[in-house]
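Quick caveat: nothing in here was measured; it's all calculated off a predicted structure. Letters go in sequence order (proteins before strands), and every chain restarts at 1.
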Amino acid sequence: MAYWLIKSEPSSWSWDDQVRKKITHWDGVRNYQARNNLKQMKIGDLCFFYHSVVGKQIMGIVKVCASYKDDPTDSSGKFGMVDVEYVESLEKPVTLEQIKNTKELQDLALIKQSRLSVMPVMPQQWACILRLGNY
DNA sequence: GCCAACGTTGGC
DNA sequence: GCCAACGTTGGC
């Protein structure tokens, strides 16, 4: 099983929305690197849900519940999506600032490639963030 | 195939 | 709201 981090601006899709709706299409990705990461997701993989722009913190965990398929919102047919399902909220959201201040997390793409919206997370990074979140 | 122009993302 | 970083588009 693999771990990921996916971003959303709360003004378009927030963690509260995710908690309420439980399952959603993770559509709208229009970047090839992010798409390639989506393609590699398998059912059961876990993802951190990160609020970009407003909040700038990891809010909780979702699980991949449908693998890569066409994104109906993309008329070009080049991009796809997965479905994700609410799993759990972090007791304490983990902020970008905390991540930047944590030695083990310096290699996270969140820091190195701030514009990438779907990125892999190494198991040790995953565990480290869980500890920061008091999960 | 190069690169200038343009559009978007996201931190500050 | 600004702008740096980055990705995409299109003329040549």
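- With respect to the salt-bridge test (charged N to carboxylate O, under 4.0 angstrom), the residues A:Lys112 and A:Asp107 qualify.
- Between A:Tyr68 and A:Gly80 the shortest heavy-atom distance is OH-N, 2.8 Å.
- Here the range on DNA chain B touched by chain A, meaning any atom under 4.0 Å from one of its heavy atoms, is B:dG7 to B:dC12.
- In summary, of the residues considered (A:Phe48, A:Tyr86, A:Tyr50), a ring pair (Phe, Tyr, Trp, His ring centres under 6.0 Å) with A:Trp15 occurs for A:Tyr86 alone.
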Exercise. Step by step, would you call A:Phe79 with A:Tyr32 a ring pair (Phe, Tyr, Trp, His ring centres under 6.0 Å)?
Worked result: CA-CA 8 Å; A:Phe79 296 97; A:Tyr32 290 107; 5.0 Å; yes

For this session: Let me see the working for A:Thr73 and A:Arg30 under side-chain hydrogen bond (donor to acceptor under 3.5 Å, both in side chains), right down to the final yes or no.
Result: CA-CA 10 Å; A:Thr73 70; A:Arg30 295 293 181 270; 3.0 Å; yes

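- A:Lys63 has its side chain out of reach of A:Cys47: every pair of non-hydrogen atoms, C-beta onward, lies at least 4.5 Å apart.
- Taking for each of A:Ser114 and A:Tyr32 the nucleotide of DNA chain C with the nearest heavy atom, the 5'-most of the two is the partner of A:Ser114.
- Here the side chain of A:Lys7 pairs a donor or acceptor atom with the backbone of A:Leu116 at under 3.5 angstrom.
- A search for ring pair (Phe, Tyr, Trp, His ring centres under 6.0 Å) contacts involving A:Trp4 returns nothing, not counting sequence neighbours.
- Between the two ends of the helix from B:dG1-C:dC12 to B:dC12-C:dG1, each summarised by a five-pair axis, the helix axis turns through 10° (rounded to 10 degrees).
- Of all the residues in residues 47-57 of chain A, A:Tyr50, A:Ser52, A:Val53, A:Lys56 reach under 4.0 Å from DNA chain B with at least one non-hydrogen atom.
- For A:Asp17, the salt bridge (charged side-chain N to carboxylate O under 4.0 Å, His left out) criterion is met by A:Arg20, not counting sequence neighbours.
- Under the rule for a salt bridge (charged side-chain N to carboxylate O under 4.0 Å, His left out), the partners of A:Asp83 that lie at least two apart in sequence or sit in another chain are A:Lys69.
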